[in-house]
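Encoded as structure tokens, the structure appears first; notes follow it.
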4 protein chains.
Amino acid sequence: MQVKKENKKEKIIKEAVKLFTKYGFEDVSVSSIAGEARIGKGTIYTYFKTKDDILEGCTKYVFNTFTSDIEKAADTNMEIAGFLDTLLDLFFVDMPSRSRILFLFHRKYYGTKRKDAKLTGRYKEMFRKVYERYKEEIKCPFEQMYLFLTGFMMTSYMIQANIDEEILKESVKEALKTLIVKT
Amino acid sequence: MQVKKENKKEKIIKEAVKLFTKYGFEDVSVSSIAGEARIGKGTIYTYFKTKDDILEGCTKYVFNTFTSDIEKAADTNMEIAGFLDTLLDLFFVDMPSRSRILFLFHRKYYGTKRKDAKLTGRYKEMFRKVYERYKEEIKCPFEQMYLFLTGFMMTSYMIQANIDEEILKESVKEALKTLIVKT
Amino acid sequence: MQVKKENKKEKIIKEAVKLFTKYGFEDVSVSSIAGEARIGKGTIYTYFKTKDDILEGCTKYVFNTFTSDIEKAADTNMEIAGFLDTLLDLFFVDMPSRSRILFLFHRKYYGTKRKDAKLTGRYKEMFRKVYERYKEEIKCPFEQMYLFLTGFMMTSYMIQANIDEEILKESVKEALKTLIVKT
Amino acid sequence: MQVKKENKKEKIIKEAVKLFTKYGFEDVSVSSIAGEARIGKGTIYTYFKTKDDILEGCTKYVFNTFTSDIEKAADTNMEIAGFLDTLLDLFFVDMPSRSRILFLFHRKYYGTKRKDAKLTGRYKEMFRKVYERYKEEIKCPFEQMYLFLTGFMMTSYMIQANIDEEILKESVKEALKTLIVKT
DNA sequence: CATGAATGAGTATTCATTCAT
DNA sequence: TATGAATGAATACTCATTCAT
């Protein structure tokens, strides 16, 4: 029973992510999410308190994928250059969709630090571990590395429409290495 | 009673920029814009066809300020390093507000290249002039310079809540110089 | 909470007919229909797509009453004279209201033959059956009979304000017999 | 100066008649009437108190054409049969347009006898003169003749979409002779 | 007299949320 | 737990009318 519940909640989030990505927050109705998830409209409210709560769920979900990306990249690379290559490759999978969710969330909770911390906590923490691990090879302080990585990742989404994805990814990889890795 | 036309349109845009920046697009009613601009609700529609049209007006306005920033920075600097310093200083004035408008517009017209070109045309063109002017000192191709500048500028907005503005600005300046200027 | 569907739709139509009859189409708000039907404004839209759709529903309803009037009159009369008497008696019940709806609909869809056919189809068909049945006694072609009957019925509505209803009805009965029945 | 004024008022009415005929009352804006009449929006209000007042002007105008039709038909015919032929021919000129105006007016002032009398007064009076003139040949009372003539004329408009105009006109002529003329 | 910029009252429609079943 | 019928708050936009010029 508990399992079933989790499955349903996850199903809702996955469909919501798809729809929010495609149409934005306001242009997606709770009904349509329910429709895509093949459940009744009212059922949504068994799992989420409000529509905003669904977006929060989506954001949490996205940050978890990011966090696991970082973990994977760190697990498979001994040196920071390889780590960055792997990380960017992972980040660019579903990048448009994931970035979109972050934008929506950011816009909604602009200034609300509490929510922000709750969601980005684990993500930032994971970055800190990585920083510690590759410390020797990094030439900038933690805050800057965090800024550069997060910034480029988010920006990529907005820029991508006007530039070939592969070129974009390589430019970003190169830029990050220039900014972060000791020479 | 027909003289002030341009003044009034500008007034509307300025108040709309303020409100959109603060509350986003959907959470600002046309009435409230009219209220802030101290004119009647109907008057808005003398100057703008729809609410979307107001956002477009705001975006055009913001791009014009960016374009004039670039122009100013180029006018007062013989070398690219100085140009970047001045440009970033100018970009960071009202940056949160201006970036916010661009986000809103971007989200609304995501994928609509036509609108995009109409508004970014002059902006990109101005960058191209700058690129030609400092060509000797720049180590990356135009597209990358454009990506790095626009990207960092927009990202700064999203990051700023979590970082001291002065540090952010200096980090960005430094990063850009590293990425763009020949050594 | 999902049983009463048909009842509720019918209730809405009945109240809409009353209001449209009294105030016309544009001067009746959807809210007021909801108010009279003692349901929420939004509920209207569970049963009708648009306000125009409500008018269409009313028209369909009215044509059904006309059709059933014709049926009744034919069922209870062996001869055309009696048929016309009965039919006119039935037509004059609620005649102002019913005619009014037809006017509104006619004005709205003036020229739109498709809608017209959809609604008048069964009505005209019923007239054709009647024509066949009383054929021997009728001296004019079908189209004329249809014109005279429909025409007088609708006209009666516009004229009635200036003339005693009983005299009007008798005049119409007499005129129709003169025009339609073989002597 | 007085002449100019009358010309302008007439111009407004003529354009309003065209527009009301085509689009109905609510779907014609005062602006569009002004536009068609090639004058400023505000100028309309020099000649008419309200939009309703324009419709009243149109109705008066239409009734005047009807009245003059009756006059013409009576002037050129010694016998009622010829009178009816001529009258119907004249009525059918611009019949759709003129009937439409009457419908609009009727709907607007349904029940308001005062307005009605003011506008139909001369028209009815003219009919009375005609009745007196052809009295010997007429078999029905005045009220019935008035009902039959006005009724058929108005109805023709609603029926016309579904029937050939020439057939319609001939049917009506014949019907009226049957109902009105002594044999 | 003529104008059209300014105004705000008025309304159809959407949709998050509730709750009886 | 699951549902979807019912609800009403909220909002963009239109247009008759006014009035300063």
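For the numbers below, each heavy atom of this structure counts, side chains included, while hydrogens, waters and symmetry mates do not. Just so we're clear, the structure is a prediction, and the values are computed from it rather than from any experiment. Letters A, B, ... mirror the listed sequences (proteins, then strands); counts begin at 1.
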Whole-Å distance separating the [atom1] atom of [X] from the [atom2] atom of [N]:
X: C:Ile33; N: E:dT13; atom1: CD1; atom2: P; answer: 11 Å
X: B:Ile44; N: F:dC15; atom1: CD1; atom2: P; answer: 18 Å
X: B:Asp53; N: F:dC13; atom1: CG; atom2: P; answer: 10 Å
X: C:Lys49; N: E:dT14; atom1: NZ; atom2: C1'; answer: 12 Å
X: A:Asp52; N: E:dT17; atom1: CG; atom2: C1'; answer: 13 Å
X: A:Glu26; N: F:dA9; atom1: CD; atom2: P; answer: 21 Å
X: C:Leu55; N: E:dA12; atom1: CG; atom2: C1'; answer: 15 Å
X: B:Tyr23; N: F:dA10; atom1: OH; atom2: C1'; answer: 17 Å

For DNA chain F, please output the secondary structure as dot-bracket, reading 5' to 3'. Pairs are Watson-Crick or G-U wobble, both atom distances under 3.5 Å; mark crossing pairs with [ ], other-strand partners with |, unpaired with a dot. .||||||||||||||||||||
Would you check if C:Leu55 and C:Asp52 make a side-chain contact, meaning some heavy-atom pair closer than 4.5 Å? no
Closest-nucleotide 5' rank along DNA chain F - winner of D:Thr50 and B:Asp27: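 Its nearest nucleotide being more 5', the pick is B:Asp27.
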Take C:Arg38 and B:Phe25, find for each the nucleotide of DNA chain F with the closest heavy atom, and name the residue whose nucleotide sits nearer the 5' end.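 Mapping each residue to its closest nucleotide by heavy atoms, the 5'-most match is C:Arg38.
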Side chain of [X] only, heavy atoms from C-beta on: which candidate in [options] is closest?
X: B:Thr43; options: E:dA6, F:dT7, E:dT13; answer: E:dA6
X: A:Ser29; options: F:dA2, E:dT7, E:dA16; answer: E:dA16
X: A:Ile39; options: E:dT3, E:dT7, F:dT3; answer: F:dT3
X: A:Tyr47; options: F:dT1, E:dT17, E:dA6; answer: F:dT1
X: D:Lys41; options: E:dA2, E:dA6, F:dA9; answer: E:dA6

Looking at C:Phe48, does the NZ or CZ of C:Lys9 lie under 6.0 angstrom from its six-membered ring centre and within 45 degrees of the ring axis?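 Yes, C:Lys9 and C:Phe48 form such a contact.
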Between D:Lys51 and D:Phe25, is NZ or CZ placed under 6.0 angstrom from the six-membered ring centre and within 45° of the ring axis?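 Output yes; distance and angle both within limits.
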Looking only at side-chain N and O atoms, does D:Tyr45 come under 4.0 Å of OP1 or OP2 in E:dA2? no
Would you say a side-chain N or O of D:Lys8 is under 4.0 Å from OP1 or OP2 of E:dA2?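 Indeed, a polar side-chain atom of D:Lys8 lies that close.
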Find the distance between CD (B:Glu15) and SG (B:Cys58) and round it off to the nearest 0.5 Å.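 The distance works out to 10.5 Å.
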At what distance, to the nearest 0.5 angstrom, does CD1 of B:Ile33 lie from CD1 of B:Ile54? 4.0 Å
Heavy-atom closest pair (D:Asp27 atom, D:Tyr23 atom, distance to 0.1 Å) is CB-O, 3.3 Å
First encountered from the 5' end of DNA chain E, between C:Ser31 and D:Gly40: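 Mapping each residue to its closest nucleotide by heavy atoms, the 5'-most match is D:Gly40.
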Hey, is OH on B:Tyr61 packed in by over 12 heavy atoms from elsewhere, all under 6.0 Å?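 No.
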Verify salt bridge (charged side-chain N to carboxylate O under 4.0 Å, His left out) between A:Lys14 and A:Glu10, making sure each step is shown before the conclusion. CA-CA 6 Å; A:Lys14 274 180 182 162; A:Glu10 219 174 292; 3.6 Å; yes
